[in-house]
Amino acid sequence: MKLIDIHTHGIGGFDTRTASEDDILQIAKIHGSHGVSEIIPTVYPSTIEAMRENMLAIKKAMEKQTEDRRQKSVDSRQETEDEENKLQAKIIGMHLEGPFLNPIKCGALDVQSFLKPVEYNLRKLLDGFEDVVKIMTVAPEIEGASGIIKMITGMGIIVSMGHSDATYSEAEAGFNAGAKGITHLFNAMRGIHHREPGIAGFGLMNKEIYVEVIADPFHLDQKMIELIFSIKDPDRIIIVSDTIKDAELKFRSQGIRDCENKLLGGCMTIHESSERLIQIGLNREVVMKAVSENPIRYLQVK
């Protein structure tokens, strides 16, 4: 069974804020050592120039993996290297988490890097990378978002709504414009209110939208995870790690936090977090679909 993580920023001291394809390959190797089959490295919002530098590193890492897979073994040393390469998670594209996000729901991201969703910014960002960008996170309520969602979708890239203060109707408008997913449901977004269900309520209630879930013990209360799995179509739930550079390096009793105690990215691979959910009582078949079949189906949606 393939385990696929569609949202990881890094792990084990390496992250996607790099110009080095070797750093990206190390991320793939560490995830692979945890039983993850495929990953989509996720780029932080920054200046367009910095994001493109990070994107180029991912693209080069993908090309290196492809080259290595094609290369035939010529001696015992090469066979050993091939065995090591098999431990790497396959890099199957990239996820751009921004830069078209809502500043008031920046979470742990750099609010200064958020940009207006206009065609010029999009074209400048994606030029030359259209074939390898698989997902973009966009806040649907910001001015111009509907048009940019349609444009991104028209390029064959999946739009996931996130870092958003959208109302239910604004999230619905994003969905109608072409968005297919919601990035880390409940985190860095408007929550559910009894007079305004918001984007989180839309994620639970809409039958077609896919939702990412960070299933470590820190980003969502256990009862909230149980609520998601009890309400949402099990075919539309995708467990993600959202791991960052410090994952595997820091003591995890409180998650990974900054000096102001703000919770940052995830600290568990999808293999670890899915096993955790099974151990605490969630249905194994449902959980395993959320790290295997569901992300595969999501990545094929048009």
Side-chain angles (χ1 to χ4, degrees), residues 5-9 16 40-46 51 93-111 113-117 122 125 133-146 148-150 152-153 157-192 197-206 208-216 219-220 224-225 228 232 236-244 262-266 290 294-295 298-299 301:
D5 189 354
I6 66 169
H7 191 153
T8 172
H9 295 279
T16 55
I40 298 183
T42 303
V43 176
Y44 293 100
S46 185
M51 289 183 73
M94 63 185 82
H95 177 168
L96 307 185
E97 192 172 8
F100 309 130
L101 308 175
N102 191 326
I104 70 172
K105 293 295 181 181
C106 61
L109 302 181
D110 177 15
V111 68
S113 66
F114 294 179
L115 297 176
K116 291 182 178 180
L122 179 68
L125 178 63
V133 175
K134 297 294 185 184
I135 305 167
M136 284 190 70
T137 295
V138 176
E141 74 279 11
I142 57 178
E143 185 178 356
S146 290
I148 219 73
I149 290 170
K150 291 176 183 176
I152 295 167
T153 302
I157 298 169
I158 295 167
V159 173
S160 183
M161 300 185 288
H163 287 274
S164 166
D165 193 41
T167 62
Y168 187 100
S169 62
E170 287 169 334
E172 188 171 44
F175 173 76
N176 290 335
K180 299 295 190 294
I182 293 183
T183 300
H184 44 54
L185 185 66
F186 285 105
N187 292 117
M189 67 179 54
R190 181 191 289 249
I192 294 175
I199 183 172
F202 178 79
L204 288 180
M205 296 177 67
N206 181 275
E208 297 300 320
I209 200 89
Y210 285 80
V211 297
E212 293 182 3
V213 174
I214 305 174
D216 66 22
H219 281 80
L220 294 172
M224 188 59 73
I225 291 177
I228 294 169
K232 189 67 181 173
R236 293 294 188 270
I237 301 171
I238 299 175
I239 292 173
V240 298
S241 71
D242 197 20
T243 49
I244 60 173
K262 178 186 287 186
L263 186 63
L264 304 178
N294 297 353
Y298 179 54
L299 294 171
V301 298

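What you are looking at is a predicted structure, and each value in this text was computed from that prediction instead of being measured.
Using a distance-only test at 3.5 Å, with no hydrogens or angles considered, no donor-acceptor pair links the side chain of Thr243 to the main chain of Thr8. In terms of modelled atom types and a separation under 3.5 Å, the side chain of Ser160 and the main chain of Thr183 share a donor-acceptor contact. No side-chain donor-acceptor contact under 3.5 Å links Asp242 to the backbone of Gly265. Between the side chain of Ser113 and the backbone N or O of Pro45 there is at least one donor-acceptor pair closer than 3.5 Å. Counting only distance, with no hydrogens or angles, the side chain of Lys262 and the backbone of Gly107 share a donor-acceptor pair below 3.5 Å. Listed for the Lys232 side chain is a donor-acceptor partner under 3.5 Å among the backbone atoms of Asn206. A donor-acceptor pair is defined here as one N or O able to donate and one able to accept, closer than 3.5 Å; no such pair exists between the side chain of His163 and the backbone of Asn102. The main-chain N or O of Gly178 is found under 3.5 Å from a side-chain atom of Lys180 such that the two form a donor-acceptor pair.
Between the CD1 atom in Ile157 and the CG atom in Leu96 there is a gap of 7.5 Å [rounded to 0.5 Å]. The structure places CD1 of Ile225 at 7.5 Å from CG of Asp216, a figure rounded to the nearest 0.5 Å. Interatomic distance, Lys134 NZ to Thr42 OG1, rounded to the nearest 0.5 Å: 13.5 Å. Of the inter-residue distances, the one linking Met161 atom CE with Ile209 atom CD1 reads 4.0 Å to the nearest 0.5 angstrom. Taking CD1 of Ile199 as the reference point, atom CE of Met189 lies at 4.5 Å (rounded to 0.5 Å). Note: Tyr298 OH to Ile135 CD1 = 5.0 Å, rounded to the nearest 0.5 Å.
Here the shortest heavy-atom pairing between Ile148 and Phe100 reads CG1-CE1, 4.3 Å. Taking every heavy atom of both residues into account, Ala179 and Ile149 meet most closely at N-CG2, 3.7 Å. Closest approach of Ala290 to Pro295, counting heavy atoms only: O-CD, 3.8 Å. When all heavy atoms of Ile237 and Val213 are compared, the pair lying nearest together is CG2-CG2, 3.9 Å. The two residues Pro140 and Ser164 have their closest heavy-atom pair at CD-OG, 3.5 Å. Smallest separation of non-hydrogen atoms from Phe175 and Glu208: CZ-CB, 3.8 Å.
Counting heavy atoms from C-beta on, the side chains of Ile142 and Phe114 never come closer than 4.5 Å. At a threshold of 4.5 Å between non-hydrogen side-chain atoms, the residues Ile158 and Leu299 count as touching. Looking at heavy atoms from C-beta onward, Pro117 lies out of side-chain contact with Val138 at the 4.5 angstrom threshold. For the pair Leu263 and Asn187, the minimum side-chain heavy-atom distance is 4.5 Å or more.
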Are Asp5 and Ile40 close enough, and set up right, to give a side chain to side chain contact (heavy atoms under 4.5 Å, CB included), and what steps lead you there? CA-CA 6 Å; Asp5 189 354; Ile40 298 183; over 6 Å; no
In sequence, state the C-alpha distance, the side-chain angles, and the governing distance for Leu125 and Met136, and then conclude on side chain to side chain contact (heavy atoms under 4.5 Å, CB included). CA-CA 11 Å; Leu125 178 63; Met136 284 190 70; 4.1 Å; yes
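Under the 6.0 Å cut-off for aromatic ring centres, His95 and His9 do not qualify, their centroids lying 6.0 Å or more apart. Here the two rings, on His184 and His7, have centers that are under 6.0 Å apart.
With sequence neighbours excluded, the residues satisfying side chain to side chain contact (heavy atoms under 4.5 Å, CB included) with Ile192 are Phe186, Ala200, Leu204.
Between the side chains of Thr167 and Glu141, not a single donor N or O lies within less than 3.5 Å of an accepting N or O.
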